[in-house]
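A short write-up of the structure that comes next.
Whatever order the structure lists ligands and atoms in, that order sets their numbers, starting from 1.
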Amino acid sequence: MPLIGVVGCQWGDEGKGKIIDVLANDMDLVARYQGGHNAGHTVVVKGEQSILHLIPSGILHENCRCLIGNGVVVSPAALREEIQFFEARGIKVRERLAISENAHLLLPYHAMLDQAQERLRGAGKIGTTGRGIGAAYGDKVMRQGIHVGDLRVKDLFAAKVRNALAYYKPIFAQILDTAPPDEDDLIEEVWREADILRPLITDGVALINDALDRNERVLAEGAQGLHLDIDFGTYPYVTSSNPSAGGICTGLGVGPTRITKIIGVVKAYSTRVGEGPFPTELIGTTGERLREAGNEYGATTGRPRRCGWFDAVAVRRAIQVSAIKEIVITKLDVLTGFDPLFYCDRYRLNGETTETFSFGADLVSRAKPQLEELPGWAEPLAEFKSRGELPANTRAYLDRIEKSLKASIIGVSTGAGREHMLLARPVLP
Ligand code: IMP
């Protein structure tokens, strides 16, 4: 012990990567529990900006080991590329990275399916990253997925690919009007891509539980956020895994009593990328100003993110689902110069006022945010050294968040750098 989970409380892109990067300094192991290379954590390595998609953020701290857990879907090509990218910049990746043998593979036909499905959905498209995430998790749930561990024995791996393609061939031909990849070419290509991954394949369940038994400090790294959760998000405009805290248990093979605490990461305003309801969305110049001020463009696809005011109703649902008592507020500095600010603590829905987030996309898209006006501030925040020294209106904004979420703010991020983090108290128990 301890095992600390870091989860997103909005629609992803809350800035979890930075928080994990700050915490990883004190961690022995960082384990990613869900998602795939749809996620993107922007990091600066030796002055160069680069993006981690699959490798846990702990890899930037040389004393920290990393695990890609069974709940992740792994593209061998994407992971190989990422390992080589960071190793070329002097980061020792393979010495410190392990991949759970029962993580599922995401193969090229999954991306083809994802993109074709989106085309077929027409106006009802989800706005996926096009990486094949839903198709890979779909195969897992339909019991025709292929495990990372299957990459160890070529004839077994080849048989599973042939089996999967036998299912997909008619679908590609008749529904998607395209040819699936050639079986033999695909088997050879993936086998080659997997050469550098093969030695990293391990029993992830034993690795993490043994580390906890040895009293090591372990961080469970989430991707995306609660409202993209397959069970609790604005379905069907969601991803295909569980970013909420429950995903830690199923995505790493640790029991719930192992979890010491969950830290929720909450951006000081709201953003969403892709389709789906977004009650506090700002359409027009204020939204565009927020996008530019916060550089709100997708780390994986470069798509402009939709921006909106802080939505406490949405975040409260995340706090409830993941039993979060402590939160970190990110990108507070971005709100400098927005005066007044608006804050949503309740919705109007079906003629009633509600403080509770509704279920599914249909109802949420009818919710009308009830906005409160709050005074903004003009001061840049990067130089402040503690929450108590912040401008009065900034402190009032944080107090408002704390009161409406009933969770303690343990950290506030006031800029992009590691040093721009005001911590109220040590995060580790
Ligand atoms: P998928 O995960 O590619 O299937 O995409 C499903 C939805 O989740 C889309 O709206 C994506 O834009 C969104 N999404 C997936 N990964 C991320 C992320 O890391 N940050 C923000 N949104 C994401």
Side-chain angles (χ1 to χ4, degrees), residues 6-20 32-43 51-57 71-75 78 82 104 106-108 110-121 123-141 221-244 247 251 265-267 269-278 281 291 294-308 314 318 330-331 360-361 364-365:
V6 175
V7 305
C9 295
Q10 291 148 314
W11 283 271
D13 306 318
E14 296 92 353
K16 294 177 290 297
K18 177 177 169 186
I19 309 306
I20 293 161
R32 169 87 179 269
Y33 61 88
Q34 47 75 227
H37 64 309
N38 48 352
H41 164 207
T42 307
V43 289
I51 298 172
L52 287 159
H53 296 287
L54 276 165
I55 302 174
S57 314
V72 176
V73 284
V74 180
S75 156
E82 209 170 307
H104 277 253
L106 184 156
L107 296 178
H110 292 127
M112 293 171 73
L113 274 163
D114 183 1
Q115 291 159 22
Q117 282 164 338
E118 282 284 88
R119 279 196 303 277
L120 288 174
R121 287 184 188 118
K125 72 176 197 282
I126 290 166
T128 70
T129 58
R131 298 291 192 268
I133 303 297
Y137 279 112
D139 269 355
K140 169 177 172 174
V141 175
E221 169 176 335
Q224 293 91 39
L226 189 273
H227 294 287
L228 292 175
D229 189 288
I230 185 76
D231 286 283
F232 306 108
T234 48
Y235 191 92
Y237 302 99
V238 293
T239 192
S240 299
S241 60
N242 290 116
S244 52
V265 184
V266 180
K267 188 149 54 181
Y269 49 96
S270 310
T271 61
R272 167 163 213 169
V273 63
E275 308 300 320
F278 181 10
E281 181 168 16
R291 180 180 309 128
N295 191 23
E296 295 293 353
Y297 292 88
T300 297
T301 58
R303 289 179 292 175
R305 295 182 187 138
R306 300 154 65 191
C307 296
T330 59
K331 297 186 102 167
V364 177
S365 64

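A search for side chain to side chain contact (heavy atoms under 4.5 Å, CB included) contacts involving Glu82 returns Leu52, His53, Leu54, Ile55, Phe86, not counting sequence neighbours. Scored by the side chain to side chain contact (heavy atoms under 4.5 Å, CB included) test, Asp229 finds Leu226, Asp231, Phe232, Asn242, Pro243, Ser244 as partners (sequence neighbours excluded). The side chain to side chain contact (heavy atoms under 4.5 Å, CB included) check on Ala136 picks up Val73, Leu106, His110, with sequence neighbours excluded.
Taken to the nearest 0.5 Å, the OG atom of Ser241 stands 4.0 Å off from the OH atom of Tyr137.
Under 3.5 Å, the side chains of Asp114 and Thr128 contain a donor-acceptor pair of N or O atoms.
Protein residues with a heavy atom closer than 4.0 Å to ligand 1 are Trp11, Asp13, Asn38, Ala39, Ile126, Gly127, Thr128, Thr129, Ile133, Gln224, Leu228, Val238, Thr239, Val273, Gly274, Arg303, listed by chain and number.
For the pair Glu281 and Arg272, the salt-bridge criterion is not met [side-chain N within less than 4.0 Å of a carboxylate O].
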